[in-house]
Amino acid sequence: MNGVQGQARTRGNFELITWFFMRISGVLLLFLVLGHLTIMHIVNDIQEIDYAFVVGRWISPFWRIYDMLLLWLALIHGANGLRVIVDDYARHRGWRVFWKAVLYTITAVLLFMGTEVILTFRSVG
Amino acid sequence: MQVRVRIRRYDPAQDQRPRYQEYVVDAEPEDRLLDVLNRIKWEIDGTLTFRRSCAHGVCGSDAMLINGVNRLACKVLVRDLGSTITVEPLRGFPVVKDLVVDMTGFFKAYRAVKPWLINDETPPPTERLQSPSERERFDDTTKCILCASCTTSCPSFWSNPEYIGPAAIVNAHRFIFDSRDRGAAERLDVLNSREGVWRCRTIFNCTDACPRGIEVTRAIQDVKRLLLTERV
Ligand code: FES
């Protein structure tokens, strides 16, 4: 039980805050995802969802903010879940560092790409 | 009636790996499993090794995996177990011999939460008084007998023996929510670490396993909630 008295104690409130974040983001995501699914699959047929549809939607800042929230919350919620799984199952220090490096890199790249698109998107033609 | 008892045995001096041995024993339906184990040890095979002491569900020595669930051998009756009974050591601890496990880590985690009254104030001339509702607040967690049934039923603990485990959290809860105690902050520091309460995934195995009926998962949630309101 070195972890109990050792290094893990210096991590401040990190685990507490991520735990709380999972609860809050989980509740928000429930509504955001259900809204998203309703619009994309029930109100509109997937066949109708094309470039023009996205252009029309993203004219309004509301939908950009909506999609931004969905992107950030879902990615960080998912990444944190995976971080916890790595902590649970990767018992060897080296593997833990390796898997977290992979996880954080992929998350950062996806977050950056998605955010960039949502912020800078302009319709062409 | 006759029961077949399959016991997972391991003698580090002889066995490469654990093996199962079967014993056929006469038993009354009202016998406790502990009586059956004693009969095997005293009359059939003296090499069988297990812990027990009080034989009345108080000392917590004889927790074991009985038909796949953690129970005290002295508290389960043969009639509730069927005619074939499988007995194995608690999961997640190193096996010392047969049903005896090494609980060093378990008690280290227990000591880490300082399971004693911390209060440096000058003691009052009589007792430190407490209202019935203040006593009620931690009543459930006073019942722990440190049998380790909860901790060794927890999948988070199985995958990560560094996790402080439900039993230590229950015993921290017993003092954190005691109005006479002043050591909550020290204990919460330990429980707020990566290997503390945040390893709990609310699986509820601990609550199912507790032979004293302690609502273990609720106690863990109490601590999480307190951390949330105190430290955020
Ligand atoms: S022998 Fe003491 S609890 Fe079973």
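Sequence lines set the chain letters: A, B, ... in the order given, protein chains first and strands last, and positions in each chain run from 1. Note that the structure is a prediction, hence the values are computed from the model and not measured.
Below 4.5 Å, heavy atoms of chain A meet heavy atoms from B:K224, B:L227, B:L228, B:R231, B:V232, all part of residues 223-232 of chain B.
With A:F53 as the aromatic partner, A:R57 does not meet the cation-pi criteria of under 6.0 angstrom to the ring centre and within 45 degrees of the ring axis. The side-chain tip of B:R199 does not point at the ring of B:Y163 from less than 6.0 angstrom away and within 45° of straight on.
B:D15 places a side-chain N or O within 3.5 Å of a backbone atom of B:D11 that can act as its donor or acceptor partner.
Every pair tested for salt bridge (Lys or Arg N to Asp or Glu O under 4.0 Å) that includes a residue from residues 25-53 of chain A fails, sequence neighbours excluded, so the list is empty.
Between A:W99 and A:W95, the ring-plane angle classifies as parallel under the 30° and 60° cut-offs.
Other residues, nucleotides and ligands place no more than 12 heavy atoms under 6.0 Å from the CH2 atom of A:W72.
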